[in-house]
Participant: 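Mind looking over this structure? Questions follow.
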There are 2 protein chains.
Amino acid sequence: MQLQTAAHAASFDVASLAMCRGLESQAASHLAAISSTGKKAAGETLFAEGDDADCVYEVVKGTLRVCKLLPDGRLQIMGFPGSGHLLGLAAGGNHAYTAEAVTDVTLCRYPRASVDRLVDKVPSLARRLWTATSDELRFAQQQLVLLGRKTATEKVASFLLLLAEQQKSLDGTVFVSMSRTDIGDYLGLTIETVSRTLSKLKRDGLIALPVPDQVKLLDVERLSELAEGESESEA
Amino acid sequence: MQLQTAAHAASFDVASLAMCRGLESQAASHLAAISSTGKKAAGETLFAEGDDADCVYEVVKGTLRVCKLLPDGRLQIMGFPGSGHLLGLAAGGNHAYTAEAVTDVTLCRYPRASVDRLVDKVPSLARRLWTATSDELRFAQQQLVLLGRKTATEKVASFLLLLAEQQKSLDGTVFVSMSRTDIGDYLGLTIETVSRTLSKLKRDGLIALPVPDQVKLLDVERLSELAEGESESEA
DNA sequence: CGACCGTTTGAGATCCTTCAATACCAGTGG
DNA sequence: CCACTGGTATTGAAGGATCTCAAACGGTCG
């Protein structure tokens with residue numbers, strides 16, 4: 001990953017990033033001063049589970065995959081952070097998960113030591129990072145319900161709605177930048193079950209699937225019911 | 001729940017609680033000043049999903065159950081917070097989950113508004129709460145792996161080891177204060193599968209099960225291998 | 001055009017669930 | 001003291017959802 005100090009040649013304004021939301025301009029410029037920017041190509045690894053957590057990252061552009069690995073190779077993806085998401089917040093010395101680029105990605109990097117120092121001086125930054133961590137926690141807890149208690153159909157419906165929300169899709173068209181394998185590893189399913197479930201939703205007229213990486217949500221209301229598990233017929 | 005201001009008649013020292021870990025004594029006494037204590041009997045509800053999150057709680061004694069409900073009644077338990085655990089940290093205005101007492105419980109309560117004010121003035125408190133939230137996040141992410149990718153046997157083994165760790169069990173005896181139903185709702189399994197799996201572990205000589213609510217871990221090493229999914233034969 | 005890679009579809013096996021019966025334990029009343 | 005009752009846990013048998021293995025399909029790229 002090529003890095004450069006943001007102050008010199010960033011193609012974006014650090015102070016406008018999510019990390020700085022709610023901060024006084026002085027604090028924001030402190031952050032800008034310690035930040036650097038970088039890129040990763042699709043498929044590259046940003047950091048691996050167990051690595052020294054010496055930095056906090058913010059995704060500026062693109063999508064990452066954040067996952068944990070069981071010794072025998074089973075994979076669980078915790079999420080697909082995109083623009084505005086912060087990474088490495090919950091790291092207690094070492095990263096608790098691996099982060100890889102799904103698409104080409106632009107990142108902003110803040111050395112953890114500097115962030116730590118700044119946090120003690122700037123209450124609004126402390127609050128910002130706490131809030132971001134809280135949000136991530138609430139999201140993870142929602143995902144616990146999905147993995148523990150939802151059926152394959154409910155899982156896939158939830159996933160499609162999540163994508164639509166992230167992409168603020170207007171006409172119901174969502175782009176699926178990750179592979180079926182990734183979707184399966186995110187939903188706790190196999191690639192075949194994901195594919196079959198998508199086909200079923202298509203047969204039932206809930207979605208259209210013109211190409212594998214593009215889904216059109218035809219009946220958002222019914223999909224939402226499915227996603228929340230208000231199971232009736234589900235024929 | 002009977003409440004009383006801690007300053008008056010608490011049966012414990014607020015400053016010694018988890019909430020205050022790492023705080024200067026002045027900050028700790030501020031916390032003590034805004035705290036109140038209470039009790040809940042087993043089965044009572046502390047707060048429900050969607051309730052106004054006007055307080056942060058700390059468990060002083062006993063065990064809670066924290067869960068989310070699907071509209072059709074399916075339940076996912078996120079955890080069983082015990083002594084020293086903080087609750088309601090990730091609440092963005094409303095509680096994201098329901099908290100109920102598994103056993104009789106003693107609690108310490110801090111009004112959120114006061115905590116919020118204090119957080120901006122006391123960096124060490126901000127850090128304390130951020131850290132607690134981070135820890136909870138890391139725990140939830142570990143649980144995602146369990147729910148998404150582990151088999152019933154691996155789930156139950158993980159659960160037993162977690163209990164042992166929480167209880168700092170010396171001789172391998174752990175007390176199971178929650179019902180089989182609760183265990184199932186925590187592991188994403190049915191009560192029958194939990195029971196069958198425990199019986200299997202017993203048959204295989206990995207645990208003893210003198211009474212339903214007490215388990216003795218006979219082969220922690222093998223259980224750990226199981227829990228981490230280094231699957232070989234598993235006969 | 002043909003090889004390649006990811007996706008879709010099919011058939012059978014497996015794990016977990018569902019439904020149902022039995023066992024166990026504590027408390028109650030005869 | 002012991003049968004009875006209710007609640008929880010265990011065990012059994014059958015069914016179903018998802019997985020595994022395998023083949024077919026469909027775009028992309030040389």
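Residue numbering restarts at 1 for every chain, and letters A, B, ... go by the order of the sequence lines.
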Participant: Could you state the atom-to-atom distance from CZ of Arg180(A) to C1' of dC25(D) in whole Å?
Facilitator: 14 Å
Participant: Has the side chain of Asp52(B) got a donor or acceptor atom that lies under 3.5 Å from a matching backbone atom of Asp54(B)?
Facilitator: no
Participant: Mind checking Leu209(A) for me? I need base, sugar-phosphate or nothing, with any heavy atom below 4.0 Å counting as a touch.
Facilitator: sugar-phosphate
Participant: Is it the case that the side chains of Thr106(B) and Lys39(B) hold a donor-acceptor pair, with the cut-off being a distance below 3.5 Å and no angle test?
Facilitator: yes
Participant: Below 3.5 Å is the cut-off: list the nitrogen or oxygen pairs between protein and nucleotides 18-22 of chain D, distance only.
Facilitator:
from: dT18(D); atom 1: OP1; to: Ala152(A); atom 2: N; distance (Å): 2.7
from: dC19(D); atom 1: OP2; to: Thr190(A); atom 2: N; distance (Å): 3.2
from: dC19(D); atom 1: OP2; to: Thr190(A); atom 2: OG1; distance (Å): 3.2
from: dC19(D); atom 1: OP2; to: Thr193(A); atom 2: OG1; distance (Å): 2.5
from: dT20(D); atom 1: O4; to: Arg196(A); atom 2: NH2; distance (Å): 2.8
from: dC21(D); atom 1: N4; to: Glu192(A); atom 2: OE2; distance (Å): 2.9

Participant: CG of Leu147(A) versus P of dC16(C): gap in Å, rounded?
Facilitator: 15 Å
Participant: Quick one: are the ring centres of Phe47(B) and Tyr57(B) less than 6.0 Å apart?
Facilitator: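 Yes, the ring of Phe47(B) comes within the 6.0 Å limit of the ring of Tyr57(B), centre to centre.
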Participant: Rounded to whole Å, how long is the line connecting atom CG of Leu187(B) with atom C1' of dC15(C)?
Facilitator: 16 Å
Participant: Given atom CG of Asp213(B) and atom C1' of dC24(C), what is their separation to the nearest angstrom?
Facilitator: 13 Å
Participant: Looking only at heavy atoms, which two atoms of Glu100(B) and Cys67(B) are closest? And how far apart?
Facilitator: OE1-SG, 4.0 Å
Participant: Rounded off to whole Å, could you give me the CG-to-P distance for the Asp182(A) and dC5(C) pair?
Facilitator: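 Rounded to the whole Å, the gap is 17 Å.
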Participant: Could you check how far CZ of Arg74(B) sits from P of dT18(C), rounded to whole Å?
Facilitator: 10 Å
Participant: Can you tell me if the side-chain N/O atoms of Ser195(A) get under 4.0 Å from OP1 or OP2 in dT9(C)?
Facilitator: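 Answer no for this pair, as no side-chain N or O of Ser195(A) is under 4.0 Å from OP1 or OP2.
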Participant: Strictly by modelled atom types, are Thr98(B) and Lys68(B) linked by a side-chain donor-acceptor pair under 3.5 Å?
Facilitator: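 No, Lys68(B) and Thr98(B) have no side-chain donor paired with an acceptor closer than 3.5 Å.
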Participant: By the definition salt bridge (Lys or Arg N to Asp or Glu O under 4.0 Å), identify the one residue from Glu154(B), Glu230(B), Glu228(B) that meets it with Arg74(A).
Facilitator: Glu154(B)
Participant: In whole angstrom, give the distance that lies between atom CD1 of Ile191(B) and atom C1' of dT18(C).
Facilitator: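 Interatomic distance, CD1 of Ile191(B) to C1' of dT18(C): 13 Å.
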Participant: In whole Å, what is the span from the CD1 atom of Ile183(B) to the P atom of dT8(D)?
Facilitator: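 Between P of dT8(D) and CD1 of Ile183(B): 14 Å.
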